[in-house]
Asker: 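Below is the structure I would like to discuss, written out as structure tokens.
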Amino acid sequence: MKDDPTLPRQPRLRAWFPGGSLLWPLAGLGALLLFNLVFATGFFRLELRDGHVYGTLVDILNQGSKAMLLSIGMTLVIASGGVDLSVGSLMAISGAVAATAVAKGTVPFGAAVGAALAAGGFAGLCNGFLVAVVRIQPIVATLILMVAGRGIAMLLTDGQIVTFEHPAFVFLGNGHLAGLPFTLFLVLLSLGATALVMRRTAAGLFLESVGDNERAAALCGISGTRVKLWVYAFSGLCAALAGLVATSNVKAADSSRVGEMMELDAIFAVVVGGTSLTGGRFTLLGSLIGAILIQTLTTTLYNLGLEPAIAPVPKAIVVVGVCLLQSSRFRGELSGWLRSRRAAA
Amino acid sequence: MASLKEGRRVKLRHSRSLPLLATTGVLAILYTSASLLYPGFFTVRVFLNLLGDNAFLGITAIGMTFVILSGGIDLSVGAVVAFTGTLIASLLTRGTPPGWAMLLALAIGSTFGGAMGFLIHRYELPPFLVTLGGMFFARGMSFVVSKESVGITHPLYQQASDFGLPVAGGASLPLTGILFLGVVALGVTVAHGTRFGRNLYALGGNEASARLMGLPVGGVKIAAYALNGFCSALAGIVATLYMGSGNPAMGFGLELDAIASVVIGGTLLTGGAGSPAGTLVGVLIFGTLQTALVFDGRLNSWWLRIAVGLLLLLFILLQRVLSRPAGARHP
Amino acid sequence: MNRMKSNAPHPTVRTTLTPGFLGTLSLTLALLLPLMLTAPAARAAARTKPLTVGFAQVGAESAWRTAETESIKGEASKRGITLKFSDAQGKQENQIKAVRGFIAQGVDAIILAPVVETGWEPVLRDAKRARIPVVLVDRGIKVSDDSLFATLIASDFIAEGRMAAEWLSRKLNGKGNIVELQGTPGAAPAIDRKKGFEAGIASAPGLKIIASQSGDFRRATGKEVMEALLKKHGTEIQAVYAHNDDMAIGAIQAIEESGRKPGSEVVVVSIDGVRGAFESMVAGKLNCTVECNPLLGPLAYDAVEKAVAGEKLPRKTVVPDRVYEQSTARASIGSRQY
């Protein structure tokens, strides 16, 4: 569709991450950063401590890595015309699997991580099966694992908080590479690999055409079933990775709470990033910016010392505000109102 | 294609009652097995408790049924229950008469729901995201009203929560249960006996053709969300009766339980098919499972989540087999 | 996009169906009613058997909580008591449902660990009408009628906060900037531990709380909040006071990552005394924890047995708390049960 060779060649980055305009998420992030520049002291201060970069900005990237990882998988799911509500619960399952395996001490670390990822991927595949083969609406199909998944995780840990001190596992969420948090590399690696597959092979085109109009895609010989199966399995894999990071971060698997409400953050990140909930065109970079935007908001609220219980209120205003800005009708009404104000003045 | 649809339609007409019957069958099986397994389960008291204990969930679920019938979804209900409950409790401690506090809560709930419906309809925003914003907003606002659970000492409340309609064998139906049954009856009447109800089914069945038929699509949609907001506020009132307090942290995840009950009750999440009566059965299934776990007392309570997940799967597959709706719908 | 759906409405079918269905449902229930009435009451059958006790627990949100659960479960099997255990997953409404379920089941006594202080009157009046004694553990409740519960077995959260403050005041010689990590907003221990701590530092005007935020009693949030506060206040922070050990352990990780040394450069004091805290003290990272004993099983069943026998119980039994610091931690870590 967009990769028409007759069109002038786009700049490289845009060619890799096309889709919705990155203008709105970037504007939102910019506004938030500007707010912090004016009102928060030391928000942008970066320094080198113990050989790694230290500062609020690094924290945002590190803490936001879970939402970023989730949003990569969620972008593809939403592009396929679906949604995955189960990611938060899958994070809990993956954390529980890895932590219980590592805590036993007999299982090699690689096997524990492999088992956690496999559990996430398999759960995702189950979602995909329900959506693609049984043809259940995605919101319901993934609701099942959202409800049941946390219960499964709680049974795995026997209702306890499983703690561990395994050096390699701890490194996953807390380690540093070249002075930067290791999680950042994990996110970039996942993003790069996904973007590569999506933009350098036909996979991305297939996905967008299935999300845009499944019947038309089928007539072109693209199997929506297969595309969706893979997309949900991939989302489960991303969730498992995010669960490993979250568990490693605090050296404990807290099945009842880890990943709680994270599915909403991830969906929000994707939508803010400019991928439409109706499917079709998608932008991975936009989702990443959306995830950073959310984490910046959370960190800003911590910094302001706002009562944490009240923190959802500004979050709500941002959610609805960003949605409204993406509605062309609202933008039209807004600019009409502004014009009339100017005319009156 | 057309003939195929025609065929489905014929099949549908016969299968319309099947989800409801299947749901009732599951309830009967669950109730019978729990009665056989646990002594003291098969009593009037336990059955009436089921209605009283799940009243606020049930009323929320009835409201949710309307939104889902219209083809939407509302994630804000749990937070609205918490907000209205906390608001009423703290107004009462400041000396507001209970009647006024309740009226105010109902007005706020309906307005809040209607406002979300307006945004969803006018700007064609995804219901999922707008009501997610509503959830965050209402949850935060309930903590603005009070940071901790507020006790209610009003004598009227004490009488109201102790009131029970004697049924038989010394057991009585508490006021919360009476309100729940009242809302179910009202819900069934509105859904099946009014023009609004018929429009709602038409809208949820197919928005485009409802529009072409000249139905007031926007008004119906906004009304469905407003009605749901009203029900959430009413559930908030019931929660204050049930607990004798307003707790800003209550109802966390209630929206999920409500949606699960609606789906288990045989209402299609794509809208257009289902009934508040089915939701009543769905809520009773949820309550039976929870009570059975308490009676057992050895199983991990997280089995409830797994059981509800399995039931969801069962009913969705059943609906799938009975009435294959064309194409998956976007959220 | 194809959103056309085949399930168009059929008003005639639907309207006739549902009332009929409801009618059948109510008829079935009416027929079942006499059956239910003749069913043997559980209470009568259970009388001769050993005690049946229902325990409505809050959830499994912290190591302290799971230790309490283990204590109450373990002690029940030791005494041959049939325990009905319910985990409310952190929700008050689930706890109320559980208590009502216990009442309907006709247990001999109920142990309740209330998640918040208010909202228990209606259900406790139910229990009283059914003559089932209720023993409260780990925190008190606000009720207009004190006879609604048999007794309360709990630690004094305010005293715990004060003990932490007094210890910290001695350690810092009455001068320093403190960051406070609060528990879940609205939870009784969070409110009382804050109150007690503030009262405890009032006598030392040099001690100042420069930031106070909720870490939700959780490791992950404790760490995240501490990271943000470290960026904001940097080296101004001389001490951290956390309302529970889990948050303190999270905060310690954040302090370490900021390049400062918890335990020496930043003094960390918390409450609960779980195993993780003792390990942390032995490692020199946590300075002090005020023990809040979760092993309430023996005391709870003593009270239950007395209450069932009709004996008079004191209104409140305060479980004594103890301050542990690094020097005492090493000696006692081996004998810790949780």
Side-chain angles (χ1 to χ4, degrees), chain A residues 78 81-83 85 89 130-132 134-141 143-155 158-159 214-215 228 255-256 260 264 267-268 271 276-279 307-324 326-330 333, chain B residues 73 75-76 79 116 119-120 122-126 128-130 132-144 147 248-249 252-253 256-257 259-260 263 268-270 300-317 319-321 324-331:
Chain A
I78 289 181
V83 74
L85 295 181
S89 295
L130 288 179
V131 172
V134 193
R135 309 196 72 73
I136 295 171
Q137 316 94 288
I139 199 170
V140 196
L143 179 72
I144 296 169
L145 263 178
M146 181 194 188
V147 171
R150 200 165 289 283
I152 296 171
M154 280 307 272
L155 293 186
D158 199 21
E214 193 172 350
R215 194 162 302 169
K228 284 183 179 175
S255 294
S256 65
E260 204 172 54
L264 300 179
I267 295 168
F268 177 55
V271 175
S276 163
L277 263 182
T278 47
E307 278 287 338
I310 297 165
V313 174
K315 212 169 175 178
I317 293 168
V318 173
V319 171
V320 176
V322 170
C323 285
L324 279 175
Q326 288 183 343
S327 150
S328 51
R329 180 164 188 179
F330 181 79
E333 284 182 4
Chain B
I73 198 140
L75 299 181
S76 73
M116 288 192 298
L119 289 179
I120 290 164
R122 182 162 179 92
Y123 301 112
E124 294 181 344
L125 299 180
F128 186 81
L129 283 174
V130 174
L132 171 65
M135 169 172 104
F136 285 144
F137 188 79
R139 181 65 68 188
M141 288 312 283
S142 35
F143 280 100
V144 171
K147 280 180 196 57
F252 195 86
L256 267 190
D257 295 346
I259 295 170
V263 173
L268 280 182
L269 256 186
T270 40
N300 189 321
S301 73
W302 289 89
W303 277 109
L304 177 67
R305 306 250 122 223
I306 297 175
V308 169
L310 287 176
L311 276 178
L312 272 175
L313 181 65
L314 178 76
F315 279 98
I316 290 160
L317 289 179
Q319 288 180 358
R320 203 48 241 165
V321 172
R324 323 193 135 256
R329 195 162 197 263
H330 296 303

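Side chains are part of it too, since the values below use all heavy atoms of this structure and drop only hydrogens, waters and symmetry mates.
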Asker: Could you tell me whether the side chain of L85(A) reaches within less than 4.5 Å of the side chain of F128(B), counting heavy atoms only?
Answerer: yes

Asker: Rounded at 0.5 Å granularity, tell me how far CG in L129(B) sits from CG in L277(A).
Answerer: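 Interatomic distance, L129(B) CG to L277(A) CG, rounded to 0.5 Å: 5.0 Å.
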
Asker: Sequence neighbours excluded, which residues qualify as ring pair (Phe, Tyr, Trp, His ring centres under 6.0 Å) partners of Y123(B)?
Answerer: F330(A)

Asker: Quick one: are E124(B) and R329(A) in side-chain contact, heavy atoms under 4.5 Å?
Answerer: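 They are not in side-chain contact.
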
Asker: The test is side-chain contact (heavy atoms from CB on, under 4.5 Å); show your working for V140(A) and I259(B) and say whether it passes.
Answerer: CA-CA 9 Å; V140(A) 196; I259(B) 295 170; over 6 Å; no

Asker: Measure L256(B) against the heavy atoms of chain A and call it side chain, backbone, both or neither at under 4.5 Å.
Answerer: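 Contact with chain A involves the side chain of L256(B) alone.
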
Asker: Using side-chain heavy atoms (C-beta onward) and a distance below 4.5 Å, is S256(A) in contact with W302(B)?
Answerer: yes

Asker: What are the two closest heavy atoms between P312(A) and F136(B), and how far apart are they?
Answerer: CB-O, 3.1 Å

Asker: With chain A as the partner, which of V130(B), L119(B), L75(B), I306(B) has the greatest number of non-hydrogen pairs under 4.5 Å?
Answerer: I306(B)

Asker: Considering only heavy atoms, which portion of M116(B) lies under 4.5 Å from any heavy atom of chain A: side chain, backbone, both, or neither?
Answerer: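 Nothing of M116(B), per the 4.5 Å heavy-atom cut-off to chain A.
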
Asker: Quick check on the interface: out of V320(A), L130(A), L155(A), who has the most heavy-atom pairs with chain B under 4.5 Å?
Answerer: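 The option with the most such pairs is L155(A).
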
Asker: Nearest 0.5 Å, please: how far is CG in L312(B) from CE in M146(A)?
Answerer: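 These two atoms lie 11.5 Å from each other.
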
Asker: How close do G309(B) and A148(A) get, counting heavy atoms only, and between which atoms?
Answerer: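 Smallest interatomic distance, heavy atoms only, reads CA-CB, 4.1 Å.
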
Asker: Name the region of L125(B), side chain, backbone, both or neither, that has any atom closer than 4.5 Å to a heavy atom of chain A.
Answerer: side chain

Asker: Between F315(B) and chain A, with a heavy-atom cut-off of 4.5 Å, which part of the residue counts as in contact: side chain, backbone, both or neither?
Answerer: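 Neither the backbone nor the side chain of F315(B) comes within 4.5 Å of chain A.
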
Asker: Go through the atoms of I78(A) and report whether side chain, backbone, both or neither lie under 4.5 Å from a heavy atom of chain B.
Answerer: neither

Asker: So which of K315(A), E333(A), R150(A), E260(A) has the largest heavy-atom pair count under 4.5 angstrom toward chain B?
Answerer: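 Between K315(A), E333(A), R150(A), E260(A), the count favours E333(A).
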
Asker: Identify which of V313(A), I152(A), V318(A) forms the greatest number of heavy-atom pairs closer than 4.5 Å to chain B.
Answerer: V313(A)

Asker: Where does I73(B) contact chain A at under 4.5 Å (heavy atoms): side chain, backbone, both or neither?
Answerer: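 Just the side chain, heavy atoms under 4.5 Å.
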
Asker: In Å and rounded to the nearest 0.5 Å, what is the OG1 to CD1 distance from T270(B) to I136(A)?
Answerer: 11.5 Å

